[in-house]
Amino acid sequence: MSDEIIRRFTRNVPEWRPRVTPVKLAEATQEQLDALQVTPSNTKVSDYVLVLAHDVETLKVRSPLFNAIMYGKGGLSRAERELGALAASIVNHCIYCAAVHADRHAQLSKDKTVTDKLFAMGEQADLGPRDRAILDFGMRLARTPQQATAQELAKLREAGLDEGEILDLILSTALFSWANRLMHILGDPVRKSG
């Protein structure tokens with residue numbers, strides 16, 4: 001991916017406009033409401049999750065998996081899981097997810113430096129060794145899983161990641177390699193009005 005494309009990403013989260021009409025909470029079946037109870041936050045249920053609620057069985061599996069991968073205790077820090085998800089979102093050109101993960105990374109790490117450098121300089125951004133190893137591995141894994149070789153794993157270990165952290169990185173990157181593609185099919189990012 002060209003660095004020019006990466007420089008188009010931002011932490012300003014756009015709206016996501018679904019192509020499939022989301023389930024209306026007031027009209028949701030009890031089964032849909034039950035599946036929606038395991039969404040990842042206690043904030044407003046997103047249109048994306050409400051679209052997924054059309055397939056209750058999938059949503060009942062997806063949300064607990066998402067929660068475990070992105071919010072599980074121990075292992076990779078939440079900010080670094082967001083960096084793995086950001087790597088996948090950049091590779092997949094998912095403007096919406098890249099903005100969400102960049103913003104969350106900046107909030108959780110209380111530092112905008114990594115995403116500022118990444119969005120200003122692209123893949124060649126001057127990052128610390130740990131962030132560099134996480135980003136490089138995440139991008140290789142998202143592009144072509146075979147590119148995430150034993151040598152790449154060794155770089156993660158050299159940067160200080162243990163086996164549990166490496167597994168969390170693989171899971172967060174893989175989760176968003178899938179989720180980005182689903183978001184592209186189900187809707188589009190649009191600039192917020194105003």
Side-chain angles (χ1 to χ4, degrees), residues 1-3 5-6 8-11 13 16 40-41 46 48-49 52 58 61-109 111 113-115 117-119 121-125 127-186 189:
M1 168 180 314
S2 78
D3 287 338
I5 291 171
I6 293 174
R8 293 182 194 156
F9 290 105
T10 176
R11 276 189 309 274
V13 180
W16 183 76
S41 71
S46 71
Y48 175 67
V49 172
L52 297 179
T58 300
V61 173
R62 176 258 180 211
S63 293
L65 180 63
F66 178 94
N67 293 345
I69 291 171
M70 296 307 290
Y71 302 116
K73 296 193 185 307
L76 200 62
S77 74
R78 291 248 343 263
E80 290 173 328
R81 292 175 204 215
E82 295 293 345
L83 190 56
L86 175 59
S89 298
I90 288 171
V91 167
N92 293 319
H93 299 230
C94 190
I95 293 167
Y96 179 85
C97 289
V100 167
H101 298 300
D103 186 54
R104 285 190 187 149
H105 178 273
Q107 289 173 10
L108 291 165
S109 66
D111 185 5
T113 307
V114 170
T115 52
K117 286 181 177 182
L118 180 60
F119 293 157
M121 297 182 281
E123 284 188 59
Q124 304 311 312
L127 304 176
R130 189 171 169 104
D131 289 332
R132 167 60 42 204
I134 289 170
L135 185 71
D136 287 349
F137 181 85
M139 293 182 96
R140 283 186 178 87
L141 184 63
R143 275 191 191 107
T144 310
Q146 303 89 294
Q147 289 182 359
T149 64
Q151 289 176 318
E152 301 306 320
L153 289 171
K155 290 178 186 176
L156 290 172
R157 289 183 188 99
E158 288 169 16
L161 278 77
D162 65 27
E163 298 305 305
E165 291 172 319
I166 291 170
L167 179 59
D168 286 342
L169 176 58
I170 291 168
L171 293 173
S172 64
T173 303
L175 177 67
F176 279 91
S177 290
W178 166 77
N180 298 153
R181 289 167 174 89
L182 192 57
M183 286 202 86
H184 284 306
I185 293 167
L186 294 174

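The basis for the numbers below is simple: all heavy atoms, side chains too, and nothing from hydrogens, waters or symmetry mates. It should be emphasised that the depicted structure is a prediction, and the values quoted were computed from it without experimental measurement. Residue numbers count from 1 along this sequence.
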Pair up each side-chain donor or acceptor in residues 154-161 with any protein partner under 3.5 Å, not counting sequence neighbours, and list the distances.
residue, atom, partner, partner atom, Å
Arg157, NE, Glu163, OE2, 2.7
Arg157, NH2, Glu163, OE1, 3.3
Arg157, NH2, Glu163, OE2, 3.2

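Judged purely by atom type and a 3.5 angstrom limit, Ser46 uses its side chain to pair as donor or acceptor with the backbone of Val49. Although no hydrogens or angles enter the test, the distance criterion places no donor-acceptor pair under 3.5 Å between the side chain of Thr173 and the main chain of Ile170. Under the 3.5 Å distance criterion, the side-chain polar atoms of Arg104 are left unmatched by any main-chain donor or acceptor of Ala99. Judged by distance alone, the side chain of Glu152 and the main-chain N or O of Thr149 form no donor-acceptor pair under 3.5 Å.
With contacts defined as side-chain heavy-atom distances shorter than 4.5 Å, the pair Leu76/Leu83 does not qualify. The shortest distance between side-chain heavy atoms of Leu141 and Gln147 does not fall below 4.5 Å. Between Leu52 and Leu182 the shortest side-chain heavy-atom distance falls below 4.5 Å.
To the nearest 0.5 Å, atoms CZ (Phe137) and CZ (Arg132) are separated by 15.0 Å. Rounded to the nearest 0.5 Å, atoms CD1 (Ile90) and CZ (Phe119) are 5.0 Å apart. In this structure, SG on Cys97 lies 10.0 Å from CD on Glu82, to the nearest 0.5 angstrom. If you take CZ on Arg140 and OG1 on Thr144, they are separated by 11.0 Å, rounding to the nearest 0.5 Å. In this structure, CG in Leu169 is found 11.5 Å from CD1 in Ile69, a value given to the nearest 0.5 Å. One distance of note links CG of Leu127 with OG1 of Thr115; it measures 10.0 Å at 0.5 Å rounding.
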* **Candidate pair Thr113 and Asp111, rule side chain to side chain donor-acceptor pair (under 3.5 Å), full reasoning** => CA-CA 6 Å; Thr113 307; Asp111 185 5; 2.5 Å; yes
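Looking at residues two or more places apart in sequence or on another chain, you find no ring pair (Phe, Tyr, Trp, His ring centres under 6.0 Å) involving His105.
Every pair passing salt bridge (charged side-chain N to carboxylate O under 4.0 Å, His left out) that includes a residue from residues 167-184 is listed here, sequence neighbours excluded: Arg81-Asp168.
Here the shortest heavy-atom pairing between Gly75 and Glu165 reads C-CG, 3.6 Å. The two residues Phe176 and Ala85 come nearest to each other via the heavy atoms CD1-CB, 3.5 Å. Minimum interatomic distance between Asn92 and Ser177 (heavy atoms only, all atoms of both residues): ND2-CA, 3.5 Å. The minimum heavy-atom distance between Ala98 and Phe9, with the atom names listed, is CB-CD2, 3.4 Å.
Taking the six-membered ring for Trp and thresholds of 30 and 60 degrees, Tyr96 and Trp16 have ring planes inclined between 30 and 60 degrees apart.
Under the 4.0 Å criterion applied to side-chain N and carboxylate O atoms, Glu123 and Arg143 are assigned as salt-bridge partners.
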